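Working notes for the structure below.
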2 protein chains.
Amino acid sequence: MQRPFVHPAVDDVSLESVLYALADPTRLEIVKRLAGGAACGMNCSMAAPADLPKSTQSHHFQVLREAGLIRSERRGTEVVNSLRCSELDKRFPGVIASILKASDKNKKK
Amino acid sequence: MQRPFVHPAVDDVSLESVLYALADPTRLEIVKRLAGGAACGMNCSMAAPADLPKSTQSHHFQVLREAGLIRSERRGTEVVNSLRCSELDKRFPGVIASILKASDKNKKK
DNA sequence: TTCAATAGTTCGATAATCTTGAACTACCGA
DNA sequence: TCGGTAGTTCAAGATTATCGAACTATTGAA
């Protein structure tokens, strides 16, 4: 048996850690994909930019998990990740939603 | 004459850079204070945590400026900083407002 | 005009953090 | 039990942050 994932309680999630997690282009992209579709594993074509090394992906998912943004569950050999949308929206109303909406028009720079 | 400040056009501001700038506790605090009161200089008691070294403060204001969050203007010997609220809200509707609101209930960690 | 004080910037070195290849663990199916 | 797949951990090199010290600009007074 593998070590289980640790998820912070929603009340222990800090705004800074959420913003920090979302400030990285790769992690923002992951969150956008998770928000669009259903939960999916790390290697799922929808989850993360494909050309990124596994260890880097693993690290980014860990940051997202520890920031309280995603929930990870083992399903056999893979890990299924899902966005903790509704919990987060209760704690920080509108924050995730407005960021996700804004991330669409974020073409320049 | 001192080198003038460079501010990005609002359309060149990226969501990542905004989130990155706000992910730091010191910078979030600065933005909160600027949002609360009027524009003020770096050494203004309202602007930044007082115990922080000048060079570090200067760095944080630079990050905020380059991220497009604040506008800085020289007034004689001091620099007056102000939040680019309305511009940013046009580009990323609700993002700054919801973050500022959320930052109040952000007690735990 | 000269001088001291104030406000902030720049530089450089140390400290902390991120990225990634390599090795490893866990689980599934044949 | 063996091979393949999915993901984690470790360690080292590359980035980035922090902060003291030296510097620049501006103001106000003598």
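Chain A is the first sequence line, chain B the second, and so forth, proteins listed ahead of strands; every chain is numbered from 1. Owing to the predicted nature of the structure, the values given are computational and were not obtained by experimental measurement.
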Minimum-distance nucleotide (side-chain atoms of T77(B) versus dT8(D), dG8(C), dT26(D)): dT26(D)
Those residues that, when tested against T77(B), pass side chain to side chain contact (heavy atoms under 4.5 Å, CB included) (two or more places apart): none
Show me the protein contacts with nucleotides 18-20 of chain D, counting only N or O atoms at under 3.5 Å.
residue: dC19(D); atom: OP2; partner: T56(B); partner atom: OG1; Å: 3.4
residue: dG20(D); atom: N7; partner: S55(B); partner atom: OG; Å: 3.2
residue: dG20(D); atom: O6; partner: S55(B); partner atom: OG; Å: 3.0

Between the protein and nucleotides 13-17 of chain C, which nitrogen or oxygen pairs are less than 3.5 angstrom apart?
none

Rounded distance [0.5 Å steps], CZ in R84(A) versus CZ in R71(A): 4.5 Å
Shared hydrophobic cluster for L100(B) and V18(A) (ILVMFWY, side-chain gaps under 4.5 Å): yes
Partners meeting side chain to side chain contact (heavy atoms under 4.5 Å, CB included) with S72(A) (sequence neighbours left out): F5(A), H7(A), R65(A), I70(A), V79(A), N81(A)
Side-chain N or O of R65(A) closer than 4.0 Å to phosphate OP1/OP2 of dT8(D): yes
Short side-chain N/O contact from R74(B) to OP1 or OP2 of dT24(D), under 4.0 Å: no
Results of side chain to side chain contact (heavy atoms under 4.5 Å, CB included) for A23(A) - residues two or more places apart only: L19(B), Y20(B)
Residue list, side chain to side chain contact (heavy atoms under 4.5 Å, CB included) with P93(B), at least two apart or on another chain: K105(A)
Polar side-chain atom of S58(A) near backbone of S55(A) as donor-acceptor pair, under 3.5 Å: no
